[in-house]
Each structure stands twice: as structure tokens, then as C-alpha cells.
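Heads up: the structure comes next, in C-alpha cells.
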Amino acid sequence: MKQPLALSLLCATLALACSSDPVVVEVDSGVADAVVETDKPVATDKPETTDVPVATDVPAAMDVPVVMDVPVVMDVPVAMDVPVVMDVPAAMDVPVVPDVPVAVDAPDVPVAVDVPDVPDVRDVPDVPDVPMCPTGTALCSGACVNLQTSRAHCGACGNACPAAWACSDQECTPLCPIGQTVCGRGLAARCADAVRDPANCGDCGNACTAAQVCESAACRTPRHASFVFVPGPGTVHVYSPTANALRLTLDVGTATPTALPAMTFTASGVHVGTVSASGVLRLDGDAPFVAWVHDGPTGDKVLPAGALDGALRGNELYTWSAGGIAILTGSAAPSSVVVQRVPDTGAGITLDTWTSPTANGFHTVSTPTSGVYRVTSVGAPVTAFGQVLGETYNHFTYLPADDAGLRGNAFRYVEPAGAPGVRRMMVQSLEGPSAVAFTVGTTVTMRALVGAVTATAIDFPANTLVTATSSTPAIAWIEADPGTPSDGTLLDADFVPSLRGRSFDTEWTFRTNLATATGLPDRRSDIDAIAFTNGTQVQLFAAGAAVPTTTVMINRGQRARLITDAAPDSYVRVVTSQPALVEHSHAPFQFALHAPSIVTYE
């Protein structure tokens, strides 16, 4: 209803402004009705009515810009007409202004900000990184790999390492056994034992001269020495591939050992001689050798074969024999084994060829001629024993274990056919209670060892393989006992292996031999220690004792008797301050069966 009044006033105003005739208007205290009544010209102002389109301009109100046309409001002196101001509610109706949110939508211009989403375009370069491999890896064949350690992609995609190699620091590296190191780089790298490798002694590339060996990571000039206690006449058998390389001396602990007549070797390096001495016989040489000492070719010895480096198992072994040789294979069988006699002159004479060796098998060869014999295996290593078969009473030797040491968990032995008497294998535990399985042929016998350093035994016939397997580390030896008092004079002896299975060491623990049915011991054991260095202290302990029962001081080449005629089956423990030898010997004479070669350096 207020809108017509406004239009009337507007028309009246326009009429007054446009008419030429004076019009008198009475204003009645602002009552609008009086104005309307006297304003007759309005009817004549119909042309102005045509201005009504201005009213249609109201859409201009819609045109927010019109709102901006405040001038129209300014023209209205009717500003006084507060009612018009009141009409502002119509402006309030401009909910269209709320539509200004469209302008707020203008913040959608952030869509323009979204344009920075064009960085998504920058993400496109990241397409190569699509798998997004972690730091330190690279994309190879569609997978993230570490080029530092990947065997298939070592250092670069597709760079594969050979079989049994690893990738380390982006380089292919051979996988070396424990104790060895990698020398060289890349595919030229090799595994080297820096402790013993003469080409990489102590460090990669540090090569020793042709005359030196690498020992304990240092290049040294080798010198071989062997102590053999000979208190009476005995026969010395020596083999060395280098003629006249050995010196024979009598060492009784003096500053200069007494030189004995020079040993004369044949062209093939064999020497057999008789020595009568009243001290410790010592052999010295600048080349490896094998030596045996006993009381003659009609004795009763078991002689373990040895390699030139002192090992009791290998592909080339030497032994002294006057009756027979037994050869034993390991878990891997060689393709063939040849036995040759090494003559005083000329080439070796082939005595026997074992053409079809079996794994864990044996082969025996008769040797009617006394002398040095070579046993050569092709492929896998073997062990061997030579024997003098004049009498088998009290023959005695420590056995090498299956791993070629004198301490181990499995031992095997066979004695050639024709040997008279009764043979016996002894097994002694070194570390505690043990179960021992003896196999003689196909018969298995179980024995229990109740504590450390206890021994058990089994008898077996000639030409039969006997095997002993212990659940704890042990040592084993072979002996024979005819069971008669006729074995009162014992002429053989041997060096006892140490706790670590070595002949030359600082600690031993073992039992003296058992008694026979007649009351006589298999061994009237004498325990001797032979020193290699001046000022060597030797102590003997009784079973379980913390305090030694015997303490002696001896110098190089001297012998100390620790026990004479020891009781059978008694505990023996020997400790020395310097590496030495301990000999299990027998009165009235002592001869060493097989002299271990001790390597010294100048």
C-alpha cells in the first residue's frame, strides 16, 4: 500500500516542476491526503504516467547496480521521508545480496589457485619415481633393489655376481670360508688365508720369497726339527725329497747339540741308519721329512703313515713297513690308490694299485721287503698304517681321527691279515661322560664312559675294519696283548696327543693302559716329557688334583721322567710352561715309533 503513495508524491512533484501556472498548495502539517486532493494537474500529467515504465525499472532494483544509484535516493529530498528509509526493508529483501555468496563463490577463484594443481603436471616428471623406491635403493626390472648388496644388480641394474659370490659395497665379492679374507676387487677378487698364504701373507699382496713360508701371518724361513728319545741302539728311517737336507744331532740341553755322523741320503732322499746314543736324538732340516725310529725290522710296531708336513691324512703319505700296509678311505672315496716302495736308488716301484676304492672302506697290502713306502691317492685323502710283523706283542699307536687330527669323534683302523695275537682298540674321553659305539665288521657294541678321561676297549681280529664313534671328543689307540707274562720287556713308545689333538703342545690328559687277565699291564707305563725350549717347567697332576704331584724344570732336548711303571688305568695330566712333547714309553728301552716333524723358523 505504501508504494502508490510514493508514486503519487513523485508525480505531484514532477507536475509542479513542469507546470507554467502557479499552483497554491496548502500543506497541512505534513498530511499527505491534502496534497493528493489539490493535486489535480496530476490527471493532466498523464504523459508522466507513461513514465510509469520507471516503475518497471524496479527490476533495476534487482540490478544491484541500481542500488548503487543512490543518487535517486539523494534526489529524494524525501530523505526526510523516513518511511522511505523504513522501506529499506525492501533492500533487506535483497536476499539477492546473500547471493553475493556467489561473489563469495568467487573465492572459488581458488579454483584458479587450484590451477597450481598444475603441479600435478610437475608430478608427471615423478612418473619415473612411480614405485617411489626408498632412499638407498633403485628401480631395476620393476622392483626396488639395493645396489649395495643385490647379487642380481650389484652396483648397477643387471650387473649379476657369479654363483657363490655376494654383493658388498656395490662390488661382487667371493664368499670366503671363516678365517679367510678377500684380496683384490671385483671379479679379480680371491679368498686368501692371510695366516698361511705365501702370496698374501699377513695382508693382501704381501708375497713371501720362494725360500720362505707364511706362518702366523709372517714370511719366515722354515726349519724342521724332530725330537726322538733313543736311550739305546735303534734304527732310524728318514725320507726327505731333498737329499742331504737333514742334520742328525744329539741334544742333551747344551748350548750346542752334539753333531753325529752326517746322514747320507741317496738320490731319492731315503736314509736308513742305526744310532746308538745316550740322549735325545734330534733331526733338523731345511725341508720337510718323515722319520721313524724303532729297535729293528723284527720288532713289533704299528707305524702310522705321515705326510711331509706331518699330517696323518693326505694324498701323499709315507710309512715304514716290514710286513704290511693298511689303507683307509674317508666319507669320500678316491678314484684310485697306489702303493710304491721308495728304493735306495731309482724311481718308485709300484707294489699295488687299488682301482675301486669305496667310501669308508679299507685295503691291505703285503710288504715282504722292509723299507719306506709311498701311498698316493687320487682325489680324496686317505690314512695309512705300516707294520712290522715279526711279533705283534704290545704294538702301539695313536689313531688319527676321521678329520685327520689325533682328537676327534670317529676313529677307524684295520690290521693286515696274518698278524698274530689279539688286537685291541682303546678309546678315551677328553671332555666328560660319553657314549662310544664300536663297530667290528657288522657287529655294533655300545659302551659308556662315565666321566672325563675314562677309557674303554674292544678286541678285534686281523683284516677286519673296526670303528669307534664317541659322543664327545676323544683320543684312540691300538695295542696288542697276548695275555702272557712274556711281554715283560717292552721296547716301543709313542708321543701322546695333547688335549687339542696335537703332538707338540702344553697340556695333555690321558689314562695309562689297562691290565691284562694275567694281572700284567698292557703297558708298564713310563711318562716322559721332552722340552724344546730352555727353562720349560713340567707339572704332573693326580686325578682331579689342583696341586701338582711332580714339578720339574728342563732345558731344550732334555728328558724328564714323570712316572715310572705307572699303575694300570690311572689318570695322567701333564702341563708345561712351553710347548713340549709327552711320551708314553716303556722300560727298559724307549724308541719313538713316528717322529712328528716340528717346524721352527730362523
Side-chain angles (χ1 to χ4, degrees), residues 211 213 215 220-265 269-295 306 308-310 320 493-496 498 502-506 526-538 552-562 574 576-585 589-602:
V213 296
E215 180 70 18
R220 302 178 180 181
T221 301
R223 185 169 181 175
H224 295 255
S226 182
F227 281 114
V228 183
F229 179 54
V230 184
T235 302
V236 180
H237 305 267
V238 181
Y239 172 77
S240 175
T242 304
N244 298 315
L246 283 87
R247 294 171 294 280
L248 184 63
T249 58
L250 187 65
D251 197 334
V252 291
T254 58
T256 303
T258 303
L260 297 178
M263 299 183 74
T264 302
F265 286 84
V270 177
H271 178 84
V272 178
T274 300
V275 176
S276 180
S278 58
V280 176
L281 180 68
R282 173 173 171 169
L283 297 173
D284 286 299
D286 296 326
F289 62 86
V290 185
W292 306 267
V293 178
H294 63 75
D295 56 330
L308 294 177
D309 60 2
W320 171 262
D494 202 3
F495 294 121
V496 179
S498 72
R502 304 169 184 165
S503 294
F504 190 62
D505 215 328
T506 58
D526 296 331
I527 308 301
D528 300 327
I530 301 175
F532 187 75
T533 307
N534 289 338
T536 299
Q537 176 181 273
V538 182
V552 296
M553 295 291 294
I554 52 177
N555 291 325
R556 184 197 71 250
Q558 291 182 331
R559 173 183 67 100
R561 175 146 294 179
L562 306 177
V574 179
T576 60
S577 61
Q578 308 274 4
L581 297 172
V582 169
E583 191 178 49
H584 202 189
S585 57
F589 302 107
Q590 290 80 36
F591 297 97
L593 252 62
H594 176 240
S597 182
I598 304 164
V599 181
T600 59
Y601 301 93
E602 294 179 340

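Annotation for R282 and D251: closest pair NH1-OD2, 3.2 Å, computed over non-hydrogen atoms. Listed here is the closest heavy atom pair of A291 and V238: CB-CG2, 4.1 Å. In terms of heavy atoms, G306 sits closest to V290 at O-CG2, 3.7 Å. The two residues A580 and A531 make their nearest non-hydrogen contact at CB-CA, 4.3 Å. Between F289 and S240 the shortest heavy-atom distance is CB-CB, 3.9 Å. Residues L308 and P288 come closest through the heavy atom pair O-CB, 3.1 Å.
Atom-to-atom distance recorded for Q578:CD and I554:CD1 is 11.0 Å, nearest 0.5 angstrom. The OG1 atom of T576 sits 7.5 Å away from the CG atom of D505 when rounded to the nearest 0.5 Å. Atom CD1 of residue I530 and atom CG of residue L281 lie 10.0 Å apart, to the nearest 0.5 angstrom.
Of the possible donor and acceptor atoms, one in the side chain of N534 sits under 3.5 Å from a partner among the backbone N and O of R556. S226 places no side-chain N or O within donor-acceptor distance of the main-chain N or O of L283, the cut-off being under 3.5 Å. Panel note: side chain T536, backbone M553; no donor-acceptor pair is recorded below 3.5 Å.
Residues passing the ring-ring contact (aromatic ring centres under 6.0 Å, His included) test with F495: none are found, sequence neighbours excluded. For F532, the ring-ring contact (aromatic ring centres under 6.0 Å, His included) partners two or more places apart in sequence, or in a different chain, are F227, F504.
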